[in-house]
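Notes follow once the structure below has been shown.
The chains referred to below are lettered A, B, ... by the order of the sequence lines, with proteins before strands, and numbering in each begins at 1. Note that the structure is predicted; figures quoted are calculated from it, not measured. What's counted below: heavy atoms across the whole structure, side chains too, no hydrogens, waters or symmetry copies.
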4 protein chains.
Amino acid sequence: MDKIDRERIIIDEALKVFSQKGYADTRMADIAKAANMSYGLIYHYFENKEKLFDAIVEEWWRGFYDELERLKKSPMQAGDKLVAIIKFILDVYNQKPNQVSIFVTEVSRGFVYHVNSKGKDKFNTLFALCQDIVREGQLQGVLRNDIQANYLTYVFLGAIDTFLSVMVLGNESLTKKREERIIEGIISVFLYGAVAASAVDKKA
Amino acid sequence: MDKIDRERIIIDEALKVFSQKGYADTRMADIAKAANMSYGLIYHYFENKEKLFDAIVEEWWRGFYDELERLKKSPMQAGDKLVAIIKFILDVYNQKPNQVSIFVTEVSRGFVYHVNSKGKDKFNTLFALCQDIVREGQLQGVLRNDIQANYLTYVFLGAIDTFLSVMVLGNESLTKKREERIIEGIISVFLYGAVAASAVDKKA
Amino acid sequence: MDKIDRERIIIDEALKVFSQKGYADTRMADIAKAANMSYGLIYHYFENKEKLFDAIVEEWWRGFYDELERLKKSPMQAGDKLVAIIKFILDVYNQKPNQVSIFVTEVSRGFVYHVNSKGKDKFNTLFALCQDIVREGQLQGVLRNDIQANYLTYVFLGAIDTFLSVMVLGNESLTKKREERIIEGIISVFLYGAVAASAVDKKA
Amino acid sequence: MDKIDRERIIIDEALKVFSQKGYADTRMADIAKAANMSYGLIYHYFENKEKLFDAIVEEWWRGFYDELERLKKSPMQAGDKLVAIIKFILDVYNQKPNQVSIFVTEVSRGFVYHVNSKGKDKFNTLFALCQDIVREGQLQGVLRNDIQANYLTYVFLGAIDTFLSVMVLGNESLTKKREERIIEGIISVFLYGAVAASAVDKKA
DNA sequence: AATGAATGAGACTTCATTCAT
DNA sequence: TATGAATGAAGTCTCATTCAT
């Protein structure tokens, strides 16, 4: 088995264990057992527990960050970009729910990183990228201008995050159809608000 | 110094330390030092680290839960209830940012509770209570009926949660004026959507 | 309540707790609770846990030692003295089973005293006194001379000790009638042996 | 060094320390030092202090129990069986005095086991097995029938136990010749009684 | 590359004892 | 006398990490 394969196995299995037990309650021995190898061997591939965790986060983060950067630069309309973000996250959740789980429970709330600030940085970067897209939408006249971009971003990211939390805590899985409905629902509320049509006298 | 006072001091200092370092990285000795007493003494008042943490969470949770129950039963309009929820949380944040911080970073994402399910239960209870109020709004014709109540709730709670995360991670404090603006902003987006008035052809 | 009374209560209650939980597993707080007072107060009467334990042992030991000394000096026949010893021990057991229990489980096996040698000394003294009486019996021609006094003593003391162990471990209580039968039985085996009359061709 | 060897070393060294200091006063660090290894390593082989102690006791107990069962089933005469029991115990004492010491001071009096009842059970099992053999002797007409089997057993086991206590407390060792004399002595007193031949008017 | 025995810093916790009130 | 809050030494045990094989 070559080096890359081993690393893959370790990362994948560690991901499972971390997302099930949480970082603090995960033992290197648990990971080794899940990966079906001795724990000594893990140290050939990763310097220590934290670096291993970082590798997992980095992998997910890289993909997410790249997507956000790509979207930011793309010529799409801001509204469609926001839809694309949700789509992307739900896709990842579908393929690797554990990865999203870790992001939600450990990274975005920065617990592993209480001391250093890696998690905080990532969260802030994520927030900033979304806010850029939101601001772009405002400039395009697609999104409201009377509200600061950061508030719009709170609502947008928050909706996704909370939705994921519920999914993660409930261990729920996602059918394609359900995914559609969710995107539809969240985006619709975000864009057009929660108020009933009959009750609208918007921003009066 | 009497028993209740000591308990207060311990809880208050533990709250600070927990929220700064996170549960896992907090040492009983740290708390003792912060509270200016021997670590042995903490064990006179709290059975162990977890019970101490629970006491802290419980205190905040009790207040929050009571408020939600009170609101649920009150004759207010659902929209006003949602405003009241945000107001309440921001008030608590203003008075005890650490308490909110712990809730956001440790409890709502359930990391201390990966093993047992105390955190998960609290989160679900919280979600359910909000959803009840949202559903009430739908019945009153105030909130949209074409979207499932849980999606509306994701957006609402998510907005608050993400906002708090940003506040907590940024160690930001809140002026009265800023608080007003935030409530205004989040509620407005939640109720009327992010789309610019000029661009509205809602739910078409 | 005067000093002597308090001491009595502490000793009596400590005796119960020690005999139930054993020395190592007994907390000063347990004793205080049993004695219905604060644990601080115990330290007014006894220097520390070990001294308290010593006081308990000393009390029982004093009575036993005095009895043995008295018997040693008395003009009774050696056989009757041995009967008197058993009688005495069973009487104490009847009145204060816990006291005997402590002696059997903690002192005679010297566990509290593994470090120092108080228990060992007491056990040896006890053994020596019995052996003196046995030797006296040999001189009187009442007990066998062809066996060393210490072997006779092993059998005698051992019978009592094992019997008490069984009583103590089984939490059994003693009726007067049963007591008679036991004395009869043990003494009879000790004096005349376990061999059936029909099978006797003693010391052939 | 392989797994089994290490376990042997730990058990052997722990046995020494336990028998010298007693269970309660034995530190895991003491055992580690005696075994010339880090204390962490002990936990690779034994779950905790109590399990380590149990392993030691179990080893001795297994041998003793098997011997008793073997004797019980053997076609020997009951009297010879009793001799064999004493022989066996003395042999073990000769080879592993510490093992016997632990049994006498810690297990047979059940101090480690004040809470649970492992020690009590073992003691009762031991007693029951001996009593079976004694009863067999009664049925064979070799032992007296006019005394309950349990009383005969008290005397028999007690003699051995007390003798061992004296040996253990005195740290005495055993020559082959002395061993013979002891067996001779104890058995003789047990079988034929302590009374001088000249004074016999047995059971009159 | 691979194993898992070995290490030991350091965490939590207990509880006898002291001491201010 | 009486209380129980307060102390802190000391114990057990965990587990990331190292290292000989």
Side-chain angles (χ1 to χ4, degrees), chain A residues 1-3 5-6 23-33 35-53, chain B residues 1-7 9-10 24-32 35-52, chain C residues 1-3 5-6 23-33 35-53, chain D residues 1-3 5-7 10 24-32 35-52:
Chain A
M1 188 176 298
D2 77 4
K3 197 175 157 73
D5 290 345
R6 275 269 191 239
Y23 180 84
D25 288 332
T26 293
R27 309 283 144 254
M28 291 301 269
D30 297 334
I31 297 172
K33 188 181 283 179
N36 205 33
M37 64 184 68
S38 74
Y39 49 86
L41 190 51
I42 297 180
Y43 286 88
H44 273 274
Y45 293 92
F46 298 93
E47 204 177 321
N48 55 35
K49 187 180 169 183
E50 193 182 336
K51 290 275 169 61
L52 170 55
F53 185 82
Chain B
M1 186 174 300
D2 79 3
K3 204 178 155 76
I4 298 298
D5 290 345
R6 271 281 183 226
E7 257 184 50
I9 291 175
I10 294 173
D25 288 331
T26 293
R27 308 285 145 251
M28 290 302 267
D30 297 335
I31 297 172
N36 203 36
M37 63 184 69
S38 74
Y39 50 83
L41 190 51
I42 298 179
Y43 288 91
H44 267 275
Y45 293 93
F46 299 93
E47 211 176 315
N48 55 36
K49 189 179 169 183
E50 192 184 336
K51 289 277 171 61
L52 170 56
Chain C
M1 188 175 298
D2 77 6
K3 197 174 156 74
D5 289 345
R6 275 268 190 239
Y23 180 85
D25 289 332
T26 292
R27 310 283 143 256
M28 289 303 268
D30 298 334
I31 296 172
K33 188 180 283 178
N36 204 35
M37 64 183 69
S38 73
Y39 49 85
L41 190 51
I42 297 180
Y43 286 88
H44 274 274
Y45 294 93
F46 298 93
E47 206 177 320
N48 56 35
K49 188 180 170 184
E50 193 182 336
K51 289 279 169 61
L52 170 55
F53 185 82
Chain D
M1 187 173 303
D2 80 2
K3 204 178 155 79
D5 290 346
R6 271 281 183 224
E7 257 184 50
I10 294 173
D25 289 331
T26 293
R27 308 284 144 253
M28 291 303 268
D30 297 335
I31 296 172
N36 203 33
M37 61 184 68
S38 73
Y39 51 83
L41 190 51
I42 298 180
Y43 288 92
H44 268 274
Y45 293 93
F46 299 93
E47 209 176 317
N48 56 35
K49 188 179 168 183
E50 193 184 335
K51 290 277 170 59
L52 170 55

Original post:
What's the CG-P distance between D:L41 and F:dC15, to the nearest Å?
Top reply: 17 Å
Subject >> Out of F:dA6, F:dT1, E:dA11, whichever nucleotide has its closest atom nearest the side chain of B:R27 >> reply: E:dA11
Original post:
If each of B:S38 and D:A29 is mapped to the nucleotide of DNA chain F with the nearest heavy atom, which maps nearer the 5' terminus, i.e. the 5' end?
Top reply: B:S38
Original post:
Could you spell out the base pairing of DNA chain E in dot-bracket, with Watson-Crick or G-U pairs whose two distances are under 3.5 Å, [ ] crossing and | to another strand?
Top reply: .||||||||||||||||||||
Original post:
Shortest non-hydrogen contact from A:L41 to A:R6?
Top reply: CD2-NE, 3.6 Å
Original post:
Distance from B:R27 atom CZ to B:D25 atom CG, nearest 0.5 Å?
Top reply: 6.0 Å
**OP:** Calculate the interatomic distance between D:K51 atom NZ and F:dT12 atom P; express it in whole Å.
**Re:** 16 Å
Subject >> d(NZ, A:K33; P, E:dT3) in whole Å >> reply: 15 Å
Subject >> Between P of F:dC15 and CD1 of D:I42, the distance in whole Å >> reply: 18 Å
Original post:
With D:E47, which residues qualify under side chain to side chain donor-acceptor pair (under 3.5 Å), at least two apart?
Top reply: D:K51
Original post:
To the nearest 0.5 Å, what is the distance between NZ (A:K49) and OH (A:Y23)?
Top reply: 5.0 Å
Give each protein N/O atom lying under 3.5 Å from an N/O atom of nucleotides 17-21 of chain E, with the pair distance.
{"residue": "E:dT17", "atom": "OP2", "partner": "C:Y43", "partner atom": "OH", "Å": "3.3"}
{"residue": "E:dT17", "atom": "OP2", "partner": "C:K49", "partner atom": "N", "Å": "3.0"}

Original post:
Can you tell me how far CD1 of C:I42 sits from CE of C:M37, rounded to the nearest 0.5 angstrom?
Top reply: 6.5 Å
**OP:** Quickly work out the B:N36 CG to F:dA6 P distance and round it to whole Å.
**Re:** 12 Å
